[in-house]
Amino acid sequence: MRLSLFASIALLFGCAGLFGGTEGATAAECADALDNDGDGLSDCDDTDCAAQVSCGDFGDADADSDSDSDSDSDSDADSDPSYDVTWSGDTGDTLELAIDNASGSSTFGMVELGGEGWRGEDCFQGHGSWQICHDEVGNRGLSLEVVRRPDDVTANETTLLSEEFEATLTYMVGNDDGTCVTWGSDVVYYVETLGCEEI
């Protein structure tokens with residue numbers, strides 16, 4: 001009879017422990033730092049607290065699997081302009097100015113330092129009273145036909161200078177924004193006096 005009574009008591013208190021407490025019945029029991037059911041484990045270390053939100057992740061299916069697909073494929077549309085002069089024709093009688101990546105309009109000029117000193121078509125230097133300014137230069141550049149007499153030179157159409165002077169020619173392009181670039185045989189005047197960039 002005594003054994004049967006002890007077994008009944010054990011069954012009655014087995015799940016709650018001999019101390020009469022519970023662990024995990026409420027959220028507070030799983031966060032009070034106590035071993036409420038006397039099984040040697042407290043709070044989230046006790047499997048009885050497994051159902052409490054405060055003790056971990058319980059199969060939350062809302063996992064963030066978003067990925068960043070917004071790749072930046074922008075390119076630099078503001079590339080620096082480039083300038084190129086070529087002479088075409090059998091005797092170099094056509095000047096072709098090509099401008100890449102330019103915006104707006106430009107002024108084109110060239111001068112030659114020869115036996116007579118400076119002569120040119122650059123809006124700054126003239127030969128006596130003769131001064132030509134090629135000022136209708138668009139994004140596609142400019143084409144000038146070579147003529148032989150100063151009186152036949154027409155701005156934006158013809159030029160007195162030709163490929164035969166190539167070794168002593170200096171070129172200049174002035175841009176709408178007030179900047180200018182220069183290249184060729186002698187750029188000192190354009191760089192030091194006008195503040196152009198040598199290229």
Side-chain angles (χ1 to χ4, degrees), residues 60-199:
D60 181 5
D62 186 18
D64 186 4
S65 60
D66 296 342
S67 60
D68 183 7
S69 60
D70 183 17
S71 58
D72 186 1
S73 60
D74 295 341
S75 59
D76 182 7
D78 298 327
S79 301
D80 293 333
S82 62
Y83 310 90
D84 183 42
V85 168
T86 57
W87 296 90
S88 61
D90 295 338
T91 58
D93 54 4
T94 304
L95 177 145
E96 301 288 347
L97 169 67
I99 304 178
D100 292 327
N101 301 317
S103 60
S105 60
S106 306
T107 299
F108 172 70
M110 55 184 167
V111 295
E112 188 253 338
L113 180 59
E116 301 177 8
W118 287 99
R119 65 174 181 165
E121 304 163 9
D122 64 354
C123 304
F124 298 102
Q125 300 281 353
H127 181 64
S129 61
W130 171 60
Q131 186 167 328
I132 298 297
C133 184
H134 301 293
D135 57 0
E136 294 182 6
V137 183
N139 295 339
R140 290 175 295 182
L142 182 71
S143 179
L144 300 174
E145 295 293 326
V146 175
V147 294
R148 297 301 173 190
R149 299 184 322 147
D151 291 342
D152 293 335
V153 177
T154 302
N156 309 310
E157 296 178 11
T158 59
T159 176
L160 189 65
L161 301 174
S162 67
E163 188 178 30
E164 65 181 287
F165 302 111
E166 177 68 13
T168 54
L169 284 178
T170 304
Y171 303 101
M172 183 275 291
V173 173
N175 302 307
D176 307 11
D177 60 6
T179 62
C180 56
V181 296
T182 184
W183 69 99
S185 67
D186 189 345
V187 299
V188 175
Y189 170 78
Y190 295 99
V191 173
E192 294 183 357
T193 304
L194 301 181
C196 298
E197 177 189 0
E198 181 180 2
I199 58 173

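For the single chain, residues carry numbers from 1 onward in sequence order. Note that the structure is a prediction, hence the values are computed from the model and not measured. Atom set for the values below is all heavy atoms of this structure, side chains included, hydrogens, waters and symmetry mates excluded.
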**Study point:** Intermediate values then yes/no, side chain to side chain contact (heavy atoms under 4.5 Å, CB included), Leu95 and Val146
**Key:** CA-CA 8 Å; Leu95 177 145; Val146 175; 5.8 Å; no
Check your understanding: Between Tyr190 and Val111, is any pair of side-chain heavy atoms under 4.5 Å apart?
Key ->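 A side-chain contact exists here, since the closest heavy-atom pair is under 4.5 Å.
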Check your understanding: Are Val153 and Val147 close enough that some pair of their side-chain heavy atoms sits under 4.5 Å apart?
Key ->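 Touching, per the 4.5 Å side-chain cut-off.
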Name all residues meeting the side-chain hydrogen bond (donor to acceptor under 3.5 Å, both in side chains) criterion together with [X]; count only those two or more places apart in sequence or in a different chain, and write none if there are none.
{"X": "Glu198", "answer": "none"}
{"X": "Glu145", "answer": "Thr94"}
{"X": "Trp87", "answer": "Glu166, Tyr171"}

Point to revise | Separation between CD1 of Ile99 and CG of Asp84, rounded to the nearest 0.5 Å | key: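 These two atoms lie 10.5 Å from each other.
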Practice item. Supply the atom-to-atom distance Ile132 CD1 to Cys123 SG, rounded to the nearest 0.5 angstrom. Key: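 Taking CD1 in Ile132 and SG in Cys123, the distance rounds to 9.0 Å.
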Please list, one pair per line, the donor and acceptor atoms closer than 3.5 Å that link side chains of residues 155-162 to other protein atoms, with sequence neighbours excluded.
| from | atom 1 | to | atom 2 | distance (Å) |
| --- | --- | --- | --- | --- |
| Asn156 | OD1 | Asp135 | N | 2.7 |
| Asn156 | OD1 | Glu136 | N | 3.0 |
| Asn156 | ND2 | Asp135 | OD1 | 3.1 |
| Thr158 | OG1 | Asp152 | O | 3.0 |
| Thr158 | OG1 | Thr154 | N | 2.6 |
| Thr159 | OG1 | Glu121 | OE1 | 2.7 |
| Thr159 | OG1 | Glu121 | OE2 | 2.9 |
| Thr159 | OG1 | Leu161 | N | 3.1 |
| Ser162 | OG | Glu164 | OE2 | 3.2 |

If you take all heavy atoms of [X] and [Y], which pair is closest and at what distance?
{"X": "Asp80", "Y": "Asn101", "value": "O-ND2, 3.6 Å"}
{"X": "Glu112", "Y": "Leu169", "value": "CB-CD2, 3.6 Å"}
{"X": "Leu144", "Y": "Met110", "value": "CD1-CE, 4.3 Å"}

Practice item. With sequence neighbours excluded, give me every disulfide bond (SG atoms under 2.5 Å apart) pair touching residues 136-185. Key: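 Output for this query lists Cys180-Cys196.
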Exercise for review: Not counting sequence neighbours, which residues clear ring pair (Phe, Tyr, Trp, His ring centres under 6.0 Å) with Phe165? List them please.
Suggested key: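 Partners of Phe165 by the ring pair (Phe, Tyr, Trp, His ring centres under 6.0 Å) criterion come out as none, since no residue qualifies.
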Review point. Would you say Asn175's side chain and Asp177's backbone share a donor-acceptor pair under 3.5 angstrom?
Key: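 Flag not set: sc Asn175 to bb Asp177 has no pair under 3.5 Å.
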